[in-house]
Amino acid sequence: MTTIDLDRAAAELKDDGLCIVPGALDSETLRTARTALYEAAERDRAEGREVRFGLDYATDTTNQRVWNLPNRHPVFCALAEHPAALALVKGSIGWPALLSNISANITGPGGGAMVLHADQLYMPQPWSGLQGINVMWCLDDFTDENGATRVVPASHKQNRAPTSDDQRSETVAIEAPAGSMVAVDGRVWHKTGNNRTADERRAGVFAWYTIPIYRAQENWFLALEDEVVERASDDLLVLLGYRAMGLGLVNGASPR
């Protein structure tokens, strides 16, 4: 792993709404995560469980969403509690925080752009501030040509979700090499880009963290296999809601 300047990354996240950290994953972790994701995607297709994302346009049939990554391979739990990711989470939205979901998006050749949105769009508006942070892991190179995530610069400062009138806002591609970590303020307007390549698939893992007053998008208590919970670290148990602090208690105590 390369040395990560977390102070600089945190400052860029606050000022610009995002930060890009190349080389955050070592080559072995990157290879493991990429292989595990593409194998999971292939199994979903083979078993007829392939799903699309709700914010993709109906005409786009090339993008594939892979949900519930902790059940797919332990490497995704490692990404969820990666020290650099947690440092940015704790520095931006505080602790405890919840891992609302960790999923992946694979866009294939000809993949269309997604609807422009902000990740905390389901939270009451106007937003008083940041209530969630999305940490993206680039498992392939993210380029303008292969559908890299596109953002509206400084849109987090508007403290609202984009409207239908904002869908034509000018965007820029987040271009980053495979192995990069990209943290995005939950208020930033963004979308999957248009994959204009003839034969490239582009995969990214997206870990969405929120302050703990919101229900997680993935119901971990129903979704996770027992062994995932049994081997979880203390930090991961907090992120999954199994080690609760104030909210989510059972008979007044933490479930774990």
Side-chain angles (χ1 to χ4, degrees), residues 1-10 12-13 18-44 63-92 95 97-108 119 133-143 146-149 174-184 192 200-209 218 220 223-225 227-240 242:
M1 181 190 302
T2 58
T3 301
I4 297 175
D5 187 342
L6 288 174
D7 289 337
R8 177 178 177 179
E12 291 177 348
L13 177 61
L18 64 91
C19 61
I20 302 173
V21 183
L25 295 182
D26 61 73
S27 58
E28 181 178 354
T29 302
L30 173 59
R31 181 170 56 253
T32 299
R34 188 178 187 278
T35 299
L37 176 59
Y38 277 108
E39 288 179 349
E42 181 58 36
R43 285 196 301 273
D44 283 356
N63 289 350
Q64 181 180 2
R65 200 77 177 191
V66 182
W67 293 98
N68 195 2
L69 292 183
N71 275 358
R72 308 303 184 109
H73 194 284
V75 70
F76 298 116
C77 290
L79 295 187
E81 59 175 339
H82 189 286
L86 288 192
L88 292 176
V89 169
K90 293 176 181 180
S92 58
W95 192 259
L98 288 181
L99 179 66
S100 190
N101 77 58
I102 178 168
S103 59
N105 187 52
I106 302 173
T107 177
D119 286 326
I133 174 178
N134 201 341
V135 177
M136 301 162 40
W137 297 97
C138 304
L139 301 190
D140 294 304
D141 292 341
F142 273 43
T143 69
N146 71 9
T149 301
I174 299 177
E175 296 193 275
S180 297
M181 177 183 74
V182 182
V184 182
T192 299
E200 284 186 40
R201 287 195 293 172
R202 189 275 296 154
V205 169
F206 300 85
W208 170 233
Y209 306 82
E218 186 88 55
W220 299 121
L224 291 178
E225 297 173 353
E227 54 265 32
V228 175
V229 179
E230 291 302 324
R231 65 173 177 251
S233 68
D234 288 346
D235 280 345
L236 189 57
L237 287 174
V238 171
L239 290 170
L240 296 173
Y242 282 83

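In this text, all values refer to a predicted model and were calculated from it rather than measured experimentally.
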(Q) Under the criterion side chain to side chain contact (heavy atoms under 4.5 Å, CB included), I'd like the reasoning laid out for Asp26 against Arg31: C-alpha separation, chi angles, the key distance, then a yes or no. (A) CA-CA 9 Å; Asp26 61 73; Arg31 181 170 56 253; over 6 Å; no

task: Under the side chain to side chain contact (heavy atoms under 4.5 Å, CB included) rule, what do Phe76 and Leu37 come out as? Steps first, then yes or no, please.
output: CA-CA 9 Å; Phe76 298 116; Leu37 176 59; 4.0 Å; yes

Margin query: Please evaluate residues Glu81 and Ser233 with respect to the criterion side-chain hydrogen bond (donor to acceptor under 3.5 Å, both in side chains), reporting the C-alpha separation (whole Å), side-chain torsions for both, the decisive distance (0.1 Å), and the verdict.
Written below: CA-CA 9 Å; Glu81 59 175 339; Ser233 68; 2.4 Å; yes

Please lay out, stage by stage, how Trp208 and Val135 fare under the test side chain to side chain contact (heavy atoms under 4.5 Å, CB included). CA-CA 6 Å; Trp208 170 233; Val135 177; over 6 Å; no

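Between the side chain of Trp95 and the backbone N or O of Val89 there is no donor-acceptor pair closer than 3.5 Å. Judged by distance alone, with hydrogens and angles left aside, the side-chain atoms of Thr29 form no donor-acceptor pair with the main-chain N or O of Leu25 at under 3.5 Å. No side-chain donor-acceptor contact under 3.5 Å links Ser180 to the backbone of Ala176. With hydrogens and angles disregarded, a donor-acceptor distance shorter than 3.5 Å links the side chain of Asn68 to the backbone of Ala223. A donor-acceptor pair under 3.5 Å links the side-chain atoms of Asp141 to the main chain of Ala178, judged by distance alone. Under the 3.5 Å distance criterion, the side-chain polar atoms of Tyr209 are matched with a main-chain donor or acceptor of Ala80.
The OH atom of Tyr242 lies 15.0 Å from the CG atom of Asp234; values are rounded to the nearest 0.5 Å. Annotation: the span from Asn63 atom CG to Thr107 atom OG1 amounts to 3.5 Å, rounded to 0.5 Å. Rounding to the nearest 0.5 angstrom, the gap separating the NE2 atom in His82 from the CG atom in Leu88 is 10.5 Å. Annotation: the span from Asn134 atom CG to Leu18 atom CG amounts to 11.0 Å, rounded to 0.5 Å. Distance CG/Leu6 to CG/Leu13: 11.0 Å, rounded to 0.5 Å. Atom CG of Leu224 and atom SG of Cys77 lie 7.5 Å apart (nearest 0.5 Å).
Arg72 has a carboxylate O that lies under 4.0 Å from a charged side-chain N of Asp44, or vice versa, which qualifies the two as a salt bridge. We find that Arg201 and Asp140 are not joined by a salt bridge, their nearest charged nitrogen and carboxylate oxygen being 4.0 Å or further apart.
The minimum heavy-atom distance between Ile133 and Ser92, with the atom names listed, is CD1-OG, 3.7 Å.
When side chains are defined from C-beta on, Ile174 counts as touching Ile20, because their heavy atoms get closer than 4.5 Å. By the 4.5 Å heavy-atom criterion applied to side chains, Asn101 and Leu69 are not counted as neighbours. Annotation: side chain of Leu99 is in contact with side chain of Trp220 (closest heavy-atom distance under 4.5 Å). At a threshold of 4.5 Å between non-hydrogen side-chain atoms, the residues Val66 and Ser103 do not count as touching. Within the 4.5 Å cutoff, no side-chain heavy atoms of Leu79 are placed close to those of Met181. The side-chain heavy atoms of Thr192 and Asn105, taken from C-beta on, include a pair separated by under 4.5 Å. Under the 4.5 Å side-chain criterion, counting only non-hydrogen atoms from C-beta, Leu30 is not in contact with Trp137.
For Glu28, the CD atom is loosely surrounded, since the number of other residues' heavy atoms within 6.0 Å does not exceed 12.
A side-chain hydrogen bond (donor to acceptor under 3.5 Å, both in side chains) with Asn146 is found for exactly one of Arg202, Glu200, Glu175, namely Glu200.
For Phe206, there are no ring pair (Phe, Tyr, Trp, His ring centres under 6.0 Å) partners, not counting sequence neighbours. For Glu12, the salt bridge (Lys or Arg N to Asp or Glu O under 4.0 Å) test picks out Arg8, with sequence neighbours left out.
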